[in-house]
Trainee: 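If you scroll down you'll find the structure; I have some questions about it.
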Number of protein chains: 2
Amino acid sequence: MESDTLDHPSDIAAVSTATGLAKDTLRVWERRYGFPQPERDAHGERVYPAEQVERLRVIRRLMDRGLRPGAIVGLPMQELLARHDASADVPSRAAAASEPGADQESASADGGLPPDQPERAALADVMTMLKQHRVEDMRQLLNQCLLRAGLQRFIVDMVVPLNGMVGEAWMQGRIQIFEEHLYTEQIKHLLRNALGNFPTGSQTPKVLLTTFPGEQHQLGLLMAHAFIAAEGAQCVSLGTETPVWDIVQAARAHRVDVVGLSFSAARPARVARAALEDLRLRLDPAVHIWAGGSIWQSARKGVPGVTPVPDLAGVSKIVADWRANAGTAASTISTAANPALASSLT
Amino acid sequence: MESDTLDHPSDIAAVSTATGLAKDTLRVWERRYGFPQPERDAHGERVYPAEQVERLRVIRRLMDRGLRPGAIVGLPMQELLARHDASADVPSRAAAASEPGADQESASADGGLPPDQPERAALADVMTMLKQHRVEDMRQLLNQCLLRAGLQRFIVDMVVPLNGMVGEAWMQGRIQIFEEHLYTEQIKHLLRNALGNFPTGSQTPKVLLTTFPGEQHQLGLLMAHAFIAAEGAQCVSLGTETPVWDIVQAARAHRVDVVGLSFSAARPARVARAALEDLRLRLDPAVHIWAGGSIWQSARKGVPGVTPVPDLAGVSKIVADWRANAGTAASTISTAANPALASSLT
DNA sequence: AATTCAGTTTGTCCTAGACAAACAAGCATT
DNA sequence: AATGCTTGTTTGTCTAGGACAAACTGAATT
């Protein structure tokens, strides 16, 4: 019952949603690289064998790590997995602090919070429980860790690494997607619950939280929410996928000091950049923009007037910075928080 | 600052995600009905004026209510809104008990729970607070209602009607999308929180909850979760968008008695039907399937072996039925709960 | 070590035609 | 007056190959 891969063949629409690759892209790859090479049904329409869908999913995953299609499309499964292991060796480029595919080292090393030893053991336990579907045990253990470590440390030392481990395990076929779903759901429950017990912080930076359309990145958003709320700031979350125009409206209506955006590694960085620039343009210059998540791996250039939050643990510092310079126009000071950008402008 | 519609023109991809209409569909409509009629940029690519996007959104909304494109695409905005009011007169066909576009009457009339008078007033208050962005007040009021009415009544008498009112208000331009987002987010917080305080029910039907891929229907799923949990059943939620195969795997792994699916009115009913049949085929016959949400408006035929839950309030009865006939193979008894289907088979 | 320049890669958009599944409506049957 | 069958129509999605701008690579230059 383990690697019980399904023989279920799928049409192009199903493959597109399953892999997150646009239909056009699937057709173009077939034309250019000779993979995938679907069979055809009676009407000449593409029918993808499950094995190819599987391969496409792994390819998608590798692309999220920064590899380019031309280099990997067409490689056999075995080789793909090898590349995957190789790319995991370069965590600096690889994964950031939000989705599965995340990176524990940078998170716990960079933050001001010391890593916690006993958590390391708990990580493995959670994975075991997940694999054995001991939902209730898992929930209890996580809750216990949360209470012990506190919300912020819990996120940095447990949730982020776990995200990475879960993503990794799925990649290697050690767990099923539904188990990943299950894990995500548990964490969401836990975080929301913890968040519910916080009184709506009334301290200085009032932060509006959301993601851009196309980013179904609930977990990252929620982690950011929890982290910022734990900092004592006032949070208003709009949930995922708010169009730029509506973000502007909402920011105005709620008179927020900061707009926080969360990004997954999923979509190409260029769209994110464009949207950020657009938002910067339309938003009141006094309102800061904090952009967190995985854009900062691949993007070398920052966006002017946008404070990068490459790392959840960095949030504390950025909140502190904001409080120090409260009231300064965002587009003026924001580069200070980004050494790379600052130096590139001198 | 009210009907401050944006002059922002969009490319076809943006329009597609904004309206939920496939790119192909947008092009075909243009060819067939002469609407939309985007301008072209320097490279001959479509550029949709905001006014047309707005119209497309309303059209999409009308289609969710069962109207067909041929009859409404090409109509001017004014006429569209008129049709909208007209279609609202037929709640039997119109909206179900889950997403914005939902229907209060059927929900409170059909259920065993008596409607609550004071709630009626609260509904209007919530809408007012939402429009004035008094988030904290709104949260408090909702919470108060929840405590007073209890989880189930709260959902049936408040959340469902509110969903309808919010959808309606958006439709008529009385509120912005971000306000809809904000509302949704509040409700989700509230429900998750309430759910967290339930001990994981250990009573008989163990229910696996999720949606099919393409259904980003968190709120409906969450309402179902809360409702079923309040019945004392044991719930395992996988979150949204689980592929059929993974549902089967998860059902097996967790040894659930029932798989519960939640549907929005968003996607065409035929895909939902196909997926349900597929699931029925692959799933252990002893496991029941409960399908809730908006498929049962447009679909005349039921799916054999699937128990329709056209109405959240009906959940109580269905759980009771399950407990009465516990252990019976799903595909045998399920039609009993569906009078229409049962009669069509005699 | 940073910048510019050419060359290559890659995703998305374009057109226009085809077709099956879903639907409506009329007709025949019980 | 329902139910079942046969039409014709509507509608979404698929296919094909061509085009092109934006993003990347890597070497040559300051």
Side-chain angles (χ1 to χ4, degrees), chain A residues 10-17 19-33 35 38-48 59-60 63 66-74 93 214 266-274 277 295 297-301 340-341 343-346, chain B residues 10-17 19-33 35 38-48 59-60 63 66-74 93 214 266-274 277 295 298-301 340 343-346:
Chain A
S10 336
D11 62 18
I12 196 172
V15 175
S16 178
T17 64
T19 60
L21 299 164
K23 293 181 215 166
D24 268 332
T25 305
L26 289 171
R27 288 191 272 255
V28 159
W29 281 8
E30 183 181 338
R31 204 198 306 167
R32 288 201 183 129
Y33 313 117
F35 183 86
E39 291 152 30
R40 300 300 178 121
D41 69 1
H43 316 297
E45 305 197 346
R46 276 163 252 254
V47 177
Y48 295 81
I59 290 170
R60 182 49 163 41
M63 285 176 54
L67 297 195
R68 303 188 62 186
I72 51 176
V73 177
R93 268 208 83 175
R267 305 279 151 194
R270 61 159 182 272
V271 250
R273 286 272 299 285
E277 282 165 6
I295 7 164
Q297 309 149 38
S298 50
R300 33 213 68 189
K301 288 187 297 185
L341 210 175
S343 63
S344 79
L345 289 179
T346 46
Chain B
S10 336
D11 62 20
I12 196 172
V15 176
S16 178
T17 63
T19 61
L21 299 164
K23 293 179 211 167
D24 269 332
T25 305
L26 288 171
R27 287 191 272 254
V28 158
W29 282 10
E30 183 181 340
R31 205 198 304 169
R32 288 198 185 133
Y33 312 117
F35 183 86
E39 292 152 30
R40 301 298 178 120
D41 69 1
H43 316 296
E45 305 196 346
R46 275 163 252 255
V47 177
Y48 295 81
I59 290 171
R60 182 48 165 38
M63 286 176 54
L67 298 195
R68 304 186 62 186
I72 50 176
V73 177
R93 269 207 83 175
R267 305 278 152 198
R270 61 159 184 271
V271 251
R273 285 271 300 285
E277 282 165 7
I295 6 167
S298 50
R300 33 213 69 185
K301 289 186 296 185
S343 63
S344 81
L345 289 180
T346 44

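Worth knowing before you read on, the calculation uses all heavy atoms, side chains too, and leaves out hydrogens, waters and symmetry mates. The sequence lines fix the lettering, A, B, ..., with proteins before strands; numbering per chain opens at 1.
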Trainee: Look at Arg46(A) and dT13(D) and indicate whether a side-chain polar atom (N or O) is within less than 4.0 Å of OP1 or OP2.
Mentor: no
Trainee: What is the distance from CG of Leu21(B) to C1' of dT11(D), rounded to the nearest Å?
Mentor: 13 Å
Trainee: Of all the heavy-atom pairs spanning Trp29(A) and Pro69(A), show the shortest one and how long it is.
Mentor: CZ2-CB, 3.9 Å
Trainee: On DNA chain D, does the nearest nucleotide to Lys23(A) precede the nearest nucleotide to His43(B) from the 5' side, or the other way round? Give the residue.
Mentor: Lys23(A)
Trainee: Starting at CD of Glu30(B) and ending at C1' of dT13(D), how long is that distance when rounded to a whole Å?
Mentor: 17 Å
Trainee: So if I take every side-chain heavy atom of Arg27(B) and compare against dG11(C), dC14(C), dT11(D), which nucleotide ends up nearest?
Mentor: dC14(C)
Trainee: So, for Leu21(A) and Arg60(A), which heavy atoms are closest and what is the spacing to 0.1 Å?
Mentor: CD2-CD, 3.9 Å
Trainee: How many Å lie between CD1 on Ile12(A) and C1' on dG12(D), as a whole number?
Mentor: 15 Å
Trainee: Any donor-acceptor pair under 3.5 Å joining the side chain of Arg31(A) to the base of dA16(D)?
Mentor: no
Trainee: Using heavy-atom distances to pick each residue's nearest nucleotide on DNA chain C, tell me which of Tyr33(A) and Asp24(B) is more 5'.
Mentor: Tyr33(A)
Trainee: More 5' along DNA chain C: Arg40(B) or Trp29(A), using each one's nearest nucleotide?
Mentor: Trp29(A)
Trainee: With respect to the side chain of Ala22(B), which nucleotide from dT13(D), dT12(C), dG12(D) is positioned closest?
Mentor: dT13(D)
Trainee: Would you mind reading off the distance between Asp11(A) atom CG and dG12(D) atom P, rounded to a whole angstrom?
Mentor: 17 Å
Trainee: Hey, does the side chain of Arg68(A) come within less than 4.0 Å of dC24(D)'s phosphate (OP1/OP2), counting only N and O?
Mentor: no
Trainee: Does a side-chain N or O of Thr25(A) approach OP1 or OP2 of dT10(C) to a distance below 4.0 Å, or not?
Mentor: no
Trainee: Measure the distance from CG on Asp41(A) to P on dT13(D) and round it to the nearest whole Å.
Mentor: 16 Å
Trainee: Taking N and O atoms by type only, does the side chain of Arg32(B) place a donor or acceptor under 3.5 Å from a partner on the base of dG12(D)?
Mentor: yes
Trainee: Please state how far atom CE in Met63(B) lies from atom C1' in dT10(D), giving the value in whole angstrom units.
Mentor: 12 Å
